[in-house]
Number of protein chains: 4
Amino acid sequence: MSTTAVRPLRADAVRNRALIVDAARKLFAERGLDVTLHDVAEEAGVGVGTVYRRFPDKDALLAGLVTAKYETLVELAEQAAALPTGREGLRQYLLGAMQLRSSDRSLSTAVMRAAPQTAEALELRERLWALMGGVVARAQAEGAVRQGFTPDDVPAVSSMIGSIADRTRDEHPDAWRRYALLLVDAVCPPAGELPPLVGEPLAPPPAGCAVARP
Amino acid sequence: MSTTAVRPLRADAVRNRALIVDAARKLFAERGLDVTLHDVAEEAGVGVGTVYRRFPDKDALLAGLVTAKYETLVELAEQAAALPTGREGLRQYLLGAMQLRSSDRSLSTAVMRAAPQTAEALELRERLWALMGGVVARAQAEGAVRQGFTPDDVPAVSSMIGSIADRTRDEHPDAWRRYALLLVDAVCPPAGELPPLVGEPLAPPPAGCAVARP
Amino acid sequence: MSTTAVRPLRADAVRNRALIVDAARKLFAERGLDVTLHDVAEEAGVGVGTVYRRFPDKDALLAGLVTAKYETLVELAEQAAALPTGREGLRQYLLGAMQLRSSDRSLSTAVMRAAPQTAEALELRERLWALMGGVVARAQAEGAVRQGFTPDDVPAVSSMIGSIADRTRDEHPDAWRRYALLLVDAVCPPAGELPPLVGEPLAPPPAGCAVARP
Amino acid sequence: MSTTAVRPLRADAVRNRALIVDAARKLFAERGLDVTLHDVAEEAGVGVGTVYRRFPDKDALLAGLVTAKYETLVELAEQAAALPTGREGLRQYLLGAMQLRSSDRSLSTAVMRAAPQTAEALELRERLWALMGGVVARAQAEGAVRQGFTPDDVPAVSSMIGSIADRTRDEHPDAWRRYALLLVDAVCPPAGELPPLVGEPLAPPPAGCAVARP
DNA sequence: CATGAATGAGCGTTCATTCAT
DNA sequence: AATGAATGAACGCTCATTCAT
């Protein structure tokens, strides 16, 4: 029936995948892990079936986001590596990674828990490791890092802002900074005197406020 | 024990309530916030209706657990307050609170996010605040605390071990300690020289491993 | 074991039964058939178990209310029988019975559907039949009744106000009268000229208002 | 039928929607408002999810049936308007509407209690009103109607057969006619002499029979 | 390939009914 | 006899996943 029909390119498939990832990123960031795949599909402007064609299940989609996340982190690491000192590089990278987490409700838990599922993500992770390994090594040489700290600690420490960020994102979107700096200073103190903590401590939730839905 | 007053009625009800709370505590700790009340009922060996008789809804059950959690934290704070120095007290309390979190998947997010729903919980929280306020003040007087740190920061800092603990609970149940000490040292460094980090850094998840279910 | 124990009297049992029936009558009238037996028990100030001791199940309780209803209807019929003409008697009784229905959300459907379950109720029903049989016969002799109308039609006709009453009870508690008189006039027209319908017609429900829950 | 426009997609969806509506109509008619959507789904031979895909909730399904009901009533009104006299038209319409109610357990309460939820239903209701307004006006001009009767009374009067119909549907499916005619004669008496009531009066329920479930 | 209709297990919750106290 | 704690089937509804179109 389709004699002259040109073979449909991968082009649109690739485009659809990007649409889905973008939509998922947006929705997961805004509303956390409990967005439905119908929501994602609708936001992306495709059918649910298309989402399932690209990602075997919801977890795979989540894992797909990790790739996107790694890309941003690699950029961040490249900027960090370009800074004059290891100290500054490490501090900038950690704060940047935490800022990313603080603006993304789902990935603060999901990214670090999931393994890279694709060769691409794995490659990105290794590139990230190489970049930050260099930065950490330089900082160590400068005597700027807590003893025993290794490049493998970088993602772990970054993830620790998650619980604070999740709690405060909606009401005090900058509250995470106080604790982020506390952590960064613990890993790699600033050059001079250790300054007082910035910002305000997190007020306890008022009596009677509801448990946030998962 | 209380004179001759008979309270014939509640014997089994009290026992069942305890069974439910125990079951809930266990399951929430193991599997996080998304256990169903059917699961809780089954684990407790009662019908769902019984769970609903004791707790109007799921949030109320969670709130009940929060109360129990606060009781433990108050005990911990009392022990901390009894230590000779504020420094030791603060360090012991923070590490103890983090240890509790590290063994409880749900409460690491729920406790700090939820308000105390009951007068009892509120009272416990205030008592906790008073105890730790004293400890922090003593530690400040000793010059042992990071400048700007306040008692309100205590729960926030405690919660920060959550993301690490959730990631490692099943495979490396002690991995949280490395990062817990990093945090505690940041808030309130030990008396002498700052030692190297303890333990091993968190290895990145191997390629291809699945995203853990929420 | 209970040698000297006095046999517990029926006295309180009888009182409890009355409490239950009163509570049930009140709640069913106000809120229809979907009150729970816990509500009834609470309103009556007894335990649920006590309700079940007196009435094997919810339907039996409903049937129990029929007895109470019949008592009121018998009184009404006695007053009707005392009126000078059969016409007046029949009209007064029908209007009175309809008024009862109009103030009782549940019984408008339940009473006429349920059979008398107790000897007492059966006796009351027969007494009612006898009284109204006399009234109808007198009215027939006066030529005041639609031909073919029999005493057996009395409860049927009375029940017909139910659908109107249920629809209007909350908003226009007197709206039923218009249609009650229409029916009564159809069965037994007033002495003189047939007057116009009284009151206002029932406005149709406004667009968009919800279906009332059953 | 509509030119050559192909609408390839909905073939099965349309069929399923029809299956659902048919099943719902049947079950609601037989058993009243408290059929579950699982029942409807099973009767229709589809999954529950499919029902919820077509109708956001139970009320919406009910509203869908109301639309179908209005369609029938409009047809009935059109036939009534075509009759030579207003008297005949009004009588035929009222009897027809009552007959519909007598064969449908749920709609006797639902249709008249619910507002039209859709623009379609609203339009149908208005069309119905216009048609019957004309019929009533003609009948009034003929002097055939009870004074004060208005088109707004038409649905109210129609609904009054509900309580009788619900009681008798299963055992004496024609018992409603006696009371329907009583009502219709009250609104709009037949041309000649008022005949005796047709049929038999409703026998009281035998002692001991159970209350029918709601 | 893309679509979105269909599926059904599972959720939180209710309530008529039973039974240990 | 009275109580109310316990039960569990059933409800309305959701959503990850499959599959006919």
Side-chain angles (χ1 to χ4, degrees), chain A residues 7-10 12-13 16 34-42 45-59 61, chain B residues 6-17 20 34-42 45-59 61, chain C residues 5 7-13 16 34-42 45-59 61, chain D residues 8-17 20 34-42 45-59 61:
Chain A
R7 257 230 261 101
L9 305 170
R10 287 319 252 297
D12 57 341
N16 274 346
D34 54 355
V35 283
T36 75
L37 291 201
H38 273 96
D39 291 340
V40 173
E42 191 175 9
V46 304
V48 243
T50 307
V51 178
Y52 274 91
R53 169 164 296 277
R54 298 289 156 230
F55 302 93
D57 59 17
K58 200 181 182 181
D59 287 345
L61 172 55
Chain B
V6 279
R7 286 256 245 92
L9 291 179
R10 301 300 184 1
D12 57 340
V14 165
R15 207 195 42 133
N16 273 344
R17 189 184 205 283
I20 290 165
D34 57 352
V35 282
T36 76
L37 293 204
H38 275 94
D39 291 339
V40 173
E42 191 174 7
V46 303
V48 243
T50 306
V51 179
Y52 277 93
R53 165 170 285 274
R54 299 289 155 227
F55 301 95
D57 59 17
K58 200 180 179 181
D59 286 348
L61 175 54
Chain C
R7 260 229 260 98
L9 305 170
R10 288 322 250 296
D12 57 339
N16 273 345
D34 55 355
V35 283
T36 75
L37 291 202
H38 274 96
D39 291 340
V40 172
E42 191 175 8
V46 303
V48 243
T50 307
V51 177
Y52 274 90
R53 171 165 293 276
R54 299 289 155 230
F55 302 94
D57 61 15
K58 201 180 181 181
D59 287 345
L61 173 55
Chain D
L9 292 178
R10 299 306 184 356
D12 56 341
V14 165
R15 208 196 40 133
N16 274 343
R17 190 183 205 285
I20 290 165
D34 56 354
V35 283
T36 77
L37 292 203
H38 273 94
D39 292 339
V40 172
E42 191 174 7
V46 303
V48 241
T50 306
V51 179
Y52 278 93
R53 165 170 285 276
R54 298 288 157 229
F55 301 94
D57 59 16
K58 201 180 178 182
D59 286 348
L61 175 53

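Letters go in sequence order (proteins before strands), and every chain restarts at 1.
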Here the distance between atom P of F/dA5 and atom CD1 of B/Ile20, to the nearest Å, is 12 Å
When rounded to whole Å, the CZ to C1' distance for the pair B/Arg54 and E/dT13 reads 17 Å
5'-most contact on DNA chain F (nearest-nucleotide basis), A/Lys58 vs B/Val14, goes to B/Val14
Here DNA chain E, pairs taken as Watson-Crick or G-U under 3.5 Å and shown with ( ), [ ] when crossing and | when to another strand, reads .||||||||||||||||||||
Between A/Val48 and A/Leu37 the two heavy atoms that sit nearest each other are CG1-O, 3.9 Å
Distances under 3.5 Å between protein N/O atoms and the N/O atoms of nucleotides 18-20 of chain F, please, pair by pair.
none

Check your understanding: So what does B/Thr36 touch, heavy atoms closer than 4.0 Å: a base, only the sugar-phosphate, or nothing?
Key -> sugar-phosphate
For A/Asp57 and A/Tyr52 the tightest heavy-atom approach is CA-CE2, 4.1 Å
Taken to the nearest whole Å, CG/B/Asp34 to P/E/dA9 is 20 Å
- Check whether any side-chain N or O of D/Thr50 sits under 4.0 Å from OP1 or OP2 of E/dA5, and answer yes or no. no
In whole angstroms, the gap separating P of F/dA16 from CG of A/Asp59 amounts to 11 Å
request  = Check whether any side-chain nitrogen or oxygen of A/Arg53 sits under 4.0 Å from OP1 or OP2 of E/dC1, and answer yes or no.
outcome  = no
Here the distance between atom C1' of E/dT7 and atom CD of D/Glu42, to the nearest Å, is 14 Å
In whole angstroms, the gap separating P of F/dC13 from CG of D/Leu61 amounts to 11 Å
Testing E/dA16, F/dC13, E/dT3 for proximity to the side chain of D/Asp57, the answer is F/dC13
Verify, without hydrogens or angle tests, whether B/Lys58 (side chain) and B/Val35 (backbone) share a donor-acceptor contact under 3.5 angstrom. yes
D/Leu37 CG to E/dC11 P, in whole Å, measures 20 Å
| request: Please state whether the phosphate of F/dA1, meaning OP1 or OP2, lies under 4.0 angstrom from any side-chain nitrogen or oxygen of C/Asn16. | output: no
Taking for C/Val46 and for B/His38 the nucleotide of DNA chain F with the nearest heavy atom, the one nearer the 5' end belongs to C/Val46
Heavy-atom nearest nucleotide on DNA chain E taken for D/Gly45 and for A/Gly45; more 5' hit belongs to A/Gly45
With sequence neighbours left out, the residues meeting side-chain contact (heavy atoms from CB on, under 4.5 Å) with D/Phe55 are D/Arg17, D/Ile20, D/Val21, D/Ala60, D/Leu61
